[in-house]
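None of the values given here were measured: they were computed from a predicted structure. Within every chain, numbering begins at 1; the chains are lettered A, B, ... in the order of the sequence lines, protein sequences first and strands thereafter.
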Amino acid sequence: MVRVRFAPSPTGYLHVGGLRTALYNYLFAKRHGGVCILRIEDTDRTRLVEGAAEALLTTLRWAGIEFDESPEKGGDCGPYVQSERFDLYRQYAAELVERDAAYYAFDTAEELDAMRKRMQDAGVAWRYDRTTMRNQYTLGEAETKRLLDEGAPKTVRMKVPLSGEIRFNDLVRGPIEVPARDVDDQILLKSDDFPTYHLANIVDDHFMKITHVIRGEEWLPSTPKHALLYDALGWERPQFAHLPLLLNPDKTKLSKRQGDVAVEDYRDKGYFHEALVNFVALLGWNPSSDREIFTMQELIDTFDLSKVNKAGAVFDVQKLDWMNSEYLRAKPLDELARDIMPAMQASGVTTTPDYLASVIGLVRERIHKLNEVPAFTTYMFHAPTEYEAEFKEKHWLPEHAAPVRSLAERLTATDWKAASLQETTKAFAKESGIKVGVFMNVLRLMITGRSVGAGMFETMELLGKDECLKRINTALQVFGG
RNA sequence: GGCCCCAUCGACUAACGGUUAGGUCACCACCCUUUCAAGGUGGCUGUACGGGUUCAAAUCCCGUUGGGGUCACCA
């Protein structure tokens, strides 16, 4: 039974890289009929942000990712919040010491900083030296016991072998090995008795029966420590899969400085969750097909960890925009109208769902995101209050007044359907010896006041005969025909 | 700097020893046309470099270069 987990820290918004990690875990679980767990890793009390855990869950749900076991849903391996599992970590920290795979250290943060600085100045790579620092080995059994008994501040550190290689297999990268002498004696239990990530993580993964650890590449360097911990406790190691990083255009790790990184930012900017998920799914993985558009179910059906790429992927917003417009064109109009109605009202427009749906139908191919609708379609809801100067300058001539009047009369006699309007206009243009384009632009100017918009005849049909004639007359007066 | 990871068009990627190195986004041109789009057609540009192995290398091996990640009582 496949069991995977997404384990964010409640320190803020959900990063798009986090979304992809959560998504791959979810897809992998669903693909194999397994279980996807959400675990909150809140062992660092100093970075805790109020309400962040709930926000994370809300955002994940918006994206269409549902967990089988989570803090709110519960499950057989709970609790799913690390701060509620502290006893377990202390117990296994002690167990590790018992097995001589970890030890007590009494150095203060200041002493460590000083040592670090000294070594750095000397140009030596920093690693905790358990033969010279203040710990149970240098202090001796009696002194250690005395310090422990009197409750002196202490930490528990991993006892990493001084020689040999640490090997593990990565489902994405293959076999990896690192010299044990390059691995630091990581702190497992802090002086406040709280566990660090490394301890809490492996204890939880073990007791939550996690079979595959799928996480970002930034965890690769600490995986040897995790492997060592599983071994020391006599636990079976899970399979590891480290995902390639999401990158800025300059190839550095995706960061706030160079654009939006919060999933919420994209949601608020009007991207569909289907598009974001689809886009992010294809960053670092691809089912070897030429297809670009996938529903969540299709992603589940084709997801394959062995096809995940090794190299980082640049997050290209232009392609996201394209993908979003694909969804914009495919979605039902009534659904789009319903979604954007609040924004329409907020911009001062009162309209009906049906009319709004028709408007969207006319403009959806001209925009990338739903939230562009209000600003793009003002003329569909009220007559223009001003006319684009440059456009008018280019297309309006006083001698157009008379022909336009005649055309308007001719159009009045039709059934005011787009096809008839077009046919009549073309016929009239031919008859009067004026180019169709001239009429088109003048009508657009008079009716919409703008240079860009939906198809002219479709727009006129939707606006209705009375409204169009009114706008034409108004313009004629304003322009001084 | 130490350690680890990585390397196909500008970007996302396909090709798991044999293809004229394919697709998508972006870009350019043309067509369509009623503005803007969309659509259609075509084009542009790539296996980082150097050595091997092999009849045959983008693909396997080694090295170089380049990029990234990581080196906390943060995750």
Side-chain angles (χ1 to χ4, degrees), chain A residues 7-11 41-44 46-47 105 107-109 112-113 116 120 123-127 153-157 170 172-173 176-179 181-184 186-198 200-201 215-224 242 244-245 247 249-253 279 282-293 306-307 309-323 325 329 363-368 376 391 394-395 422 425-426 435-441 443-445 448 450-459:
Chain A
S9 287
T11 54
E41 307 217 327
D42 57 347
T43 54
D44 184 0
T46 62
R47 295 204 311 158
D107 319 275
T108 64
L112 291 167
D113 284 346
R116 231 186 309 265
Q120 197 180 332
V124 182
W126 156 258
R127 259 185 22 262
K154 60 156 198 312
T155 58
V156 172
R157 280 183 181 270
D170 188 281
V172 173
R173 284 147 220 285
I176 291 173
E177 64 173 52
V178 357
R181 65 173 179 281
D182 290 320
V183 177
D184 195 21
Q186 184 62 239
I187 285 181
L188 299 176
L189 208 59
K190 306 180 228 176
S191 56
D192 61 3
D193 249 14
F194 281 53
T196 56
Y197 170 86
H198 310 281
N201 196 259
R215 67 208 333 181
E217 188 185 342
E218 66 269 26
W219 292 108
L220 203 49
S222 50
T223 304
H242 288 92
L245 259 19
L247 274 23
D250 71 357
K251 304 271 190 183
T252 53
K253 191 169 155 183
F279 174 66
L282 263 24
L283 249 29
W285 168 78
N286 165 294
S288 296
S289 79
D290 285 342
R291 204 140 69 92
E292 300 284 338
I293 304 298
S306 71
K307 287 193 172 179
N309 290 114
K310 298 180 183 69
V314 173
F315 191 97
D316 178 13
V317 180
Q318 272 187 323
K319 188 154 184 178
L320 206 212
D321 281 341
W322 166 77
M323 202 167 265
S325 60
R329 273 186 264 164
V363 305
R364 78 208 298 198
E365 283 191 356
R366 295 168 166 81
I367 56 180
H368 285 304
F376 196 82
F391 190 56
K394 191 172 174 189
H395 296 288
Q422 172 164 18
T425 302
K426 281 187 172 166
K435 284 185 186 159
V436 177
V438 171
F439 285 120
M440 299 307 309
N441 286 315
L443 284 175
R444 180 173 296 284
L445 173 67
T448 75
R450 301 195 193 178
S451 59
V452 304
M456 202 54 232
F457 298 114
E458 289 77 7
T459 300

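- Comparing B:G69, B:A75, B:A7 by their closest approach to the side chain of A:Lys253 singles out B:G69.
- Across B:A57 and B:C49, the matching C1' atoms stand 16 Å from one another, rounded to whole Å.
- Checked against B:A75, B:C5, B:C6, the side chain of A:Lys310 finds its nearest nucleotide in B:C6.
- Nearest nucleotide to the A:Val178 side chain, out of B:C4, B:G69, B:C71: B:C4.
- Put simply, CD on A:Gln186 is 10 Å from C1' on B:C74, counting in whole angstrom units.
- When the nucleotides B:U13, B:G23, B:C5 are ranked by their closest atom to the side chain of A:Asp290, B:G23 comes out on top.
- Side chain of A:Thr196 to main chain of A:Ile187: a donor-acceptor pair is present (N/O by atom type, distance under 3.5 Å, no hydrogens or angles).
- Contact annotation for A:Ser306: no contact, since no heavy-atom pair falls under 4.0 Å across all strands.
- Distance from the side chain of A:Glu218 is smallest for B:G69 among the nucleotides B:C3, B:C12, B:G69.
- Between B:A7 and A:Asn309, no contact under 4.0 Å exists linking OP1 or OP2 to a side-chain N or O.
- With hydrogens and angles ignored, the 3.5 Å screen pairs a side-chain donor or acceptor of A:Asn441 with a backbone N or O of A:Gly437.
- Under the rule for a side chain to side chain contact (heavy atoms under 4.5 Å, CB included), the partners of A:Thr425 that lie at least two apart in sequence or sit in another chain are A:Leu407, A:Leu411, A:Phe439, A:Phe457.
- Among the atoms of the strands shown, none is found under 4.0 Å from any heavy atom of A:Thr448.
- A:Ile187 comes within contact range of at least one nucleobase, with a heavy-atom separation under 4.0 Å.
- Out of B:C73, B:G69, B:A75, the shortest distance to the side chain of A:Tyr197 is found at B:A75.
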**OP:** Report, as a single string ordered 5' to 3', how protein heavy atoms within less than 4.0 Å touch nucleotides 28-46 of chain B: B base, S sugar-phosphate only, - not at all.
**Re:** ------BBBBSS-------
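- Residue contacts for A:Ala313: at a heavy-atom cut-off of 4.0 Å it reaches the sugar-phosphate backbone alone, with no base atom in range.
- When each of A:Lys310, A:Glu217, A:Arg215 is checked for a side-chain hydrogen bond (donor to acceptor under 3.5 Å, both in side chains) with A:His242, only A:Arg215 meets the rule.
- By the salt bridge (Lys or Arg N to Asp or Glu O under 4.0 Å) test, A:Asp192 is found to be paired with A:Arg45, residues two or more places apart in sequence or in another chain being considered.
- Remark: A:Lys307 is not in phosphate contact with B:A14, judged by side-chain N or O atoms under 4.0 Å from OP1 or OP2.
- Under the Watson-Crick and G-U wobble criteria, each requiring two contacts below 3.5 Å, nucleotide B:C49 is paired to B:G63.
- With hydrogens and angles left out, the side chain of A:Thr155 and the base of B:C73 share no donor-acceptor pair within 3.5 Å.
- When each of B:C5, B:A72, B:C74 is scored by its nearest atom to the side-chain atoms of A:Thr196, the top-ranked nucleotide is B:C74.
- Taking the P atom of each, B:G10 and B:A48 are spaced 11 Å apart, rounded to whole Å.
- To the nearest angstrom, C1' of B:C4 lies 11 Å from NE2 of A:His242.
- Side-chain N/O atoms of A:Lys190 include one lying less than 4.0 angstrom from OP1 or OP2 on B:A75.
- Looking at heavy-atom distances under 4.0 Å, A:Arg173 makes contact with sugar-phosphate atoms alone, never a base.
- For the residue pair A:His368 / A:Asp321, no side-chain donor-acceptor distance below 3.5 Å is found, with atom types taken as modelled.
- Contact annotation: A:Arg116 reaches the phosphate of B:C73 (side-chain N/O to OP1 or OP2, under 4.0 Å).
- Side-chain atoms of A:Glu41 lie closest to B:A75 of the nucleotides B:C25, B:G68, B:A75.
- Where A:Ala7 and A:Trp285 each meet RNA chain B at their nearest nucleotide, the meeting point lying more 5' is that of A:Trp285.
- Residues passing the side chain to side chain contact (heavy atoms under 4.5 Å, CB included) test with A:Asp316 are A:Gln318, A:Lys319, sequence neighbours excluded.
- Remark: A:Lys154 engages no residue in a side chain to side chain donor-acceptor pair (under 3.5 Å) (not counting sequence neighbours).
- In this structure, A:Pro195 reaches the sugar-phosphate backbone alone: every heavy-atom distance under 4.0 Å involves primed, P, OP1 or OP2 atoms, never a base.
- Applying the salt bridge (Lys or Arg N to Asp or Glu O under 4.0 Å) rule to A:Glu218 yields no partners; only residues at least two apart in sequence or on another chain are considered.
- Distance CG (A:Asp170) to P (B:C5): 10 Å, rounded to an integer number of Å.
- A donor-acceptor contact shorter than 3.5 Å links the side chain of A:Asp170 to the backbone of A:Val172.
- Pairing for B:U54 is absent, with no Watson-Crick or G-U wobble pair whose two atom distances lie under 3.5 Å.
- Residue-level contact check: A:Arg364 touches neither bases nor backbone, having no heavy atom under 4.0 Å from any strand.
- For A:Asn286 and B:U24, the CG to P distance is 13 Å, given to the nearest whole Å.
- Residue-level contact check: A:Asp107 touches the bases, meaning some heavy atom is under 4.0 Å from a base atom.
- Across all strands shown, B:C44 has no partner, as no Watson-Crick or G-U wobble contact with both distances under 3.5 Å is found.
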Protein-nucleic acid N or O pairs under 3.5 Å, nucleotides 57-67 of chain B:
none

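- Note on A:Trp126: only backbone sugar-phosphate atoms sit closer than 4.0 angstrom, heavy atoms only; bases stay farther off.
- Across the strands present, B:G1 finds its partner in B:C71; the criterion is a Watson-Crick or G-U wobble pair with both atom distances under 3.5 angstrom.
- Taking atom CG of A:Asp184 as the reference point, atom C1' of B:G2 lies 12 Å away to the nearest angstrom.
- Rounded to whole Å, atom P of B:G69 lies 18 Å from atom CZ of A:Arg215.
- Annotation: salt bridge (Lys or Arg N to Asp or Glu O under 4.0 Å) contacts of A:Asp113 (sequence neighbours excluded): A:Arg116.
- Every residue two or more places apart in sequence or in another chain that forms a salt bridge (Lys or Arg N to Asp or Glu O under 4.0 Å) with A:Arg47 is listed here: A:Asp44.
- B:U33 makes up no base pair with any nucleotide shown, lacking Watson-Crick or G-U wobble contacts both under 3.5 Å.
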